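Shown next, in structure tokens, is the structure this report addresses.
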2 protein chains.
Amino acid sequence: MKRRVTLKDVAKAAGFHVSTVSRALDPNNSHLITAEVAQRIRDVAEKLGYRQNAAAAALRTSRTRMVGVLVPDITNPIFPPIIRGVEDSLRRHGYLSIIGNTDGDPKRESSLVSMLQDRGVDGFIIASVELEDKAVVSLVEDGIAVVTVNRRVDNPAVSSVSNDEGEGIRRVLTHLVSLGHERIAHIAGSQRFSTGANRYRSFLEHREALRLPADPELVVFSNMYNELEGERCVEELLARGRRFTAIVCANDRLAVGAIEALVRRGLKCPDNVSVTGFNDMPMVDRLRPPLTTVRIGQYNVGYQAGELLAEMIGTGQREASHVVLPVDLVIRGSTRALTTALPEN
Amino acid sequence: MKRRVTLKDVAKAAGFHVSTVSRALDPNNSHLITAEVAQRIRDVAEKLGYRQNAAAAALRTSRTRMVGVLVPDITNPIFPPIIRGVEDSLRRHGYLSIIGNTDGDPKRESSLVSMLQDRGVDGFIIASVELEDKAVVSLVEDGIAVVTVNRRVDNPAVSSVSNDEGEGIRRVLTHLVSLGHERIAHIAGSQRFSTGANRYRSFLEHREALRLPADPELVVFSNMYNELEGERCVEELLARGRRFTAIVCANDRLAVGAIEALVRRGLKCPDNVSVTGFNDMPMVDRLRPPLTTVRIGQYNVGYQAGELLAEMIGTGQREASHVVLPVDLVIRGSTRALTTALPEN
DNA sequence: ACAGGGGGTGCAAACGTTTTCCAAGACGCT
DNA sequence: AGCGTCTTGGAAAACGTTTGCACCCCCTGT
């Protein structure tokens with residue numbers, strides 16, 4: 001384990017002062033140095049295998065070129081592509097991403113945030129955000145660069161990159177209507193999450209625009225985005241005894257659970273009930289039936305968030321911007337036309 | 001954005017020298033200080049909201065309390081639970097994990113490694129490893145703490161935490177044999193990966209031990225762990241015209257592709273051919289048919305790797321150890337007894 | 001009583017950069 | 001030729017910690 005090559009070593013070898021070497025090696029300052037000298041220095045540095053000591057640079061500049069990336073749980077298949085997008089984007093700008101899992105717990109989130117602040121990260125990308133998230137808001141108020149991704153905080157001063165959820169829901173509903181469905185239920189996400197709230201709001205909005213029956217009993221709220229909750233919500237829906245021919249779920253995992261519960265109750269999807277999801281998670285195209293869902297550009301959302309953050313850090317600009325990316329409806333086997341031959345029950 | 005509180009501030013406020021403060025705040029050195037003084041200093045630090053400047057500490061000690069975690073692709077559902085385990089374990093020891101995706105590309109891997117070395121990480125956990133991985137081996141030779149996880153490098157000096165793959169394959173084979181299968185095919189993983197090589201070797205070994213027909217034409221090698229390769233391999237198997245009643249796949253994704261290709265050729269799983277996977281990925285229990293597979297403790301593998309690495313870093317111990325964790329056979333619907341009369345039909 | 005010892009604290013020197021401030025020389029302009 | 005401006009590169013001061021060493025004081029044993 002040999003000692004690392006420092007600026008001083010390079011300076012000695014090249015016959016210049018360390019400050020000159022520092023300038024020559026920094027693309028932003030190398031113009032202060034005669035091109036020829038700079039080149040010679042770079043050659044020597046290369047030959048000696050010089051590598052900047054990040055800690056020293058960070059100490060001097062108080063910039064670490066690291067950013068914190070907070071997600072609820074990397075194990076949830078929605079997030080890896082987003083993270084991947086973030087990383088790919090940020091790496092191109094020379095930033096390293098440090099990922100933390102919050103488990104959707106505000107305590108854990110703020111503990112992670114302060115842990116990362118101790119490490120001096122230059123900014124945050126946060127996917128793990130509730131509608132009211134004081135930790136995030138206070139970061140922004142402290143002038144730290146923050147971009148929320150996928151979800152959004154209830155405060156326009158916080159930059160965000162998200163999907164056009166309203167459009168996704170609109171597409172789902174018009175698709176179902178075009179298949180003849182009218183009594184359409186909704187398994188909504190938790191209203192603490194911006195996704196849950198958005199999709200629910202859009203559901204109401206477009207249901208009205210499409211002049212569908214506005215029965216409040218057709219909406220049931222889940223507490224978490226998982227299969228079990230999907231099952232529970234279907235049970236509850238059935239218990240209410242209202243007739244419905246389709247269910248719009250706020251999320252794929254809810255939809256998977258919903259289908260499971262329907263089958264258990266002897267109802268077939270899509271024969272008796274059409275079901276839609278949201279997100280287009282991996283594998284949902286391989287289920288029986290393959291899930292009709294809204295595809296969001298997960299990687300792209302992450303990538304754009306990375307770009308936005310890099311720009312905010314680079315320019316010091318703190319004015320919030322809000323990027324909304326388009327979504328696609330993916331029609332598969334879990335939705336089917338409502339034929340009149342079906343019994344009214 | 002107020003200035004950060006430094007040791008000096010605390011020292012001034014508490015009326016002690018900064019070195020005393022430093023010692024009081026460091027659990028490893030606080031015993032050098034009168035308990036009462038140490039407590040008073042800690043109180044002051046707390047009140048002022050002192051937070052250590054990680055860059056300065058890293059510069060001084062040349063330890064960053066960060067580790068690099070390299071995986072092929074975080075988007076592959078095998079890895080998130082492993083990463084999660086690694087992170088949870090390392091965080092408990094005060095380390096932050098930096099994740100990098102290598103895409104299985106040795107160039108990218110070594111570029112990431114050196115990028116992380118520049119950042120001065122204290123060690124590496126590497127899941128993205130080929131049987132011969134010079135980058136990894138040279139890290140170890142340089143005295144850097146490295147643990148490979150899930151996969152293993154072809155050099156006993158490199159510590160590893162992995163699954164008992166041989167046992168997994170043995171269980172699969174004995175399960176199939178107990179169902180009456182004899183002509184069992186194998187879709188092997190790429191032999192560049194330790195997983196692929198291990199599972200193939202175990203397949204041969206236990207096939208012989210179980211006195212099954214040893215037809216080399218019943219083995220086909222995939223190039224990558226994905227569904228498309230699974231399909232291709234089944235096509236190839238069918239093209240060879242050998243009879244087989246079961247396929248042991250080196251990986252769940254290969255199995256999913258295999259079933260798809262079988263169906264396309266009019267063969268039903270499990271009715272005509274039983275298929276098994278490996279890994280027990282999320283969702284494979286919800287496929288039709290649900291996949292019989294080998295469950296590996298992904299989270300635990302990661303967690304153990306984290307523990308091992310933390311110990312290596314802490315003690316400076318570089319002697320390699322190899323942890324092998326047990327696996328489980330999960331029997332689901334993709335395997336069925338080979339009988340002419342199906343009772344449950 | 002005094003030497004020796006040890007525990008507790010202060011001092012100051014690093015760690016490797018970046019960057020401000022200067023000096024000196026080059027060059028252009030009148 | 002003289003003056004001012006620009007370019008180039010050197011000196012040195014930080015950045016905030018940790019840590020070997022010196023120092024002081026008090027305690028103890030002979």
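Not measured: the values here are computed from a predicted model. Naming: A, B, ... by sequence-line order, numbering from 1 per chain.
- Partners of B/Arg192 according to the salt bridge (charged side-chain N to carboxylate O under 4.0 Å, His left out) rule, which considers only residues two or more places apart in sequence or in another chain, are B/Glu130.
- Applying the ring-ring contact (aromatic ring centres under 6.0 Å, His included) test to B/Tyr225 and every residue at least two apart in sequence or in another chain returns B/Phe193.
- The CG atom of A/Asn28 sits 15 Å away from the C1' atom of C/dT17 (whole-angstrom rounding).
- For B/Arg91, there are no salt bridge (charged side-chain N to carboxylate O under 4.0 Å, His left out) partners at least two apart in sequence or on another chain.
- In this structure, B/Glu132 places its CD atom where only 12 or fewer heavy-atom neighbours from other residues, nucleotides or ligands lie under 6.0 Å away.
- Spacing between atom CZ of A/Arg65 and atom P of C/dT17 amounts to 16 Å, rounded to whole angstrom units.
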Please tabulate, one pair per line, all N/O donor-acceptor pairs under 3.5 Å involving side-chain atoms of residues 148-161 of chain A, not counting sequence neighbours.
residue  : atom : partner  : partner atom : Å
A/Thr148 : OG1  : A/Arg151 : O            : 3.2
A/Thr148 : OG1  : A/Ser159 : O            : 3.3
A/Asn155 : OD1  : A/Ala157 : N            : 2.9
A/Ser159 : OG   : A/Ser321 : N            : 3.1
A/Ser160 : OG   : A/His322 : ND1          : 2.8

Can you give the donor-acceptor pairs under 3.5 Å from side chains of residues 66-81 of chain B to other protein atoms, not counting sequence neighbours?
residue : atom : partner : partner atom : Å
B/Asp73 : OD1  : A/Arg84 : NH1          : 3.0
B/Asp73 : OD1  : B/Thr75 : N            : 3.0
B/Asn76 : OD1  : B/Ile78 : N            : 3.1

Return the polar atom pairs (N/O with N/O) between nucleotides 4-8 of chain D and the protein under 3.5 Å, or none.
residue : atom : partner : partner atom : Å
D/dT8   : O3'  : A/Thr34 : OG1          : 3.3

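- For the side-chain contact (heavy atoms from CB on, under 4.5 Å) criterion with A/Met312, the lone passing option out of A/Val147, A/Val146, A/Ile144 is A/Val147.
- To the nearest angstrom, C1' of C/dG10 lies 15 Å from NZ of B/Lys8.
- Among residues at least two apart or in separate chains, salt bridge (Lys or Arg N to Asp or Glu O under 4.0 Å) pairs with a member in residues 41-56 of chain B are A/Asp118-B/Arg51.
- The salt bridge (charged side-chain N to carboxylate O under 4.0 Å, His left out) search around B/Arg40 returns B/Glu36, not counting sequence neighbours.
- Comparing A/Gln52 and B/Ala56 by the nucleotide of DNA chain C whose heavy atom lies nearest to each, the residue mapping closer to the 5' end is B/Ala56.
- Atom-to-atom, CG of B/Asn53 to P of D/dT17 comes out at 6 Å; the value is rounded to the nearest Å.
- Going from atom CG of B/Leu59 over to atom P of C/dA14 covers 14 Å, rounded to whole Å.
- Judged as a salt bridge (Lys or Arg N to Asp or Glu O under 4.0 Å), not a single pair has a partner in residues 18-32 of chain A (not counting sequence neighbours).
- Rounded to a whole Å, the CG atom of A/Leu7 is 13 Å from the P atom of C/dC15.
- Comparing atom distances between the A/Thr6 side chain and each of C/dT9, D/dG16, C/dG16 picks out C/dG16 as nearest.
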Could you list the protein-to-nucleotides 19-23 of chain D atom pairs, N/O on both sides, closer than 3.5 Å?
residue : atom : partner : partner atom : Å
D/dT19  : O4'  : B/Arg60 : NH2          : 3.4
D/dG20  : O6   : B/Arg23 : NH1          : 3.4

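- Proximity of residues 38-50 of chain A to DNA chain C (heavy atom under 4.0 angstrom from any strand atom) is restricted to A/Tyr50.
- In this structure B/Arg92 satisfies the salt bridge (charged side-chain N to carboxylate O under 4.0 Å, His left out) test together with B/Glu307, sequence neighbours excluded.
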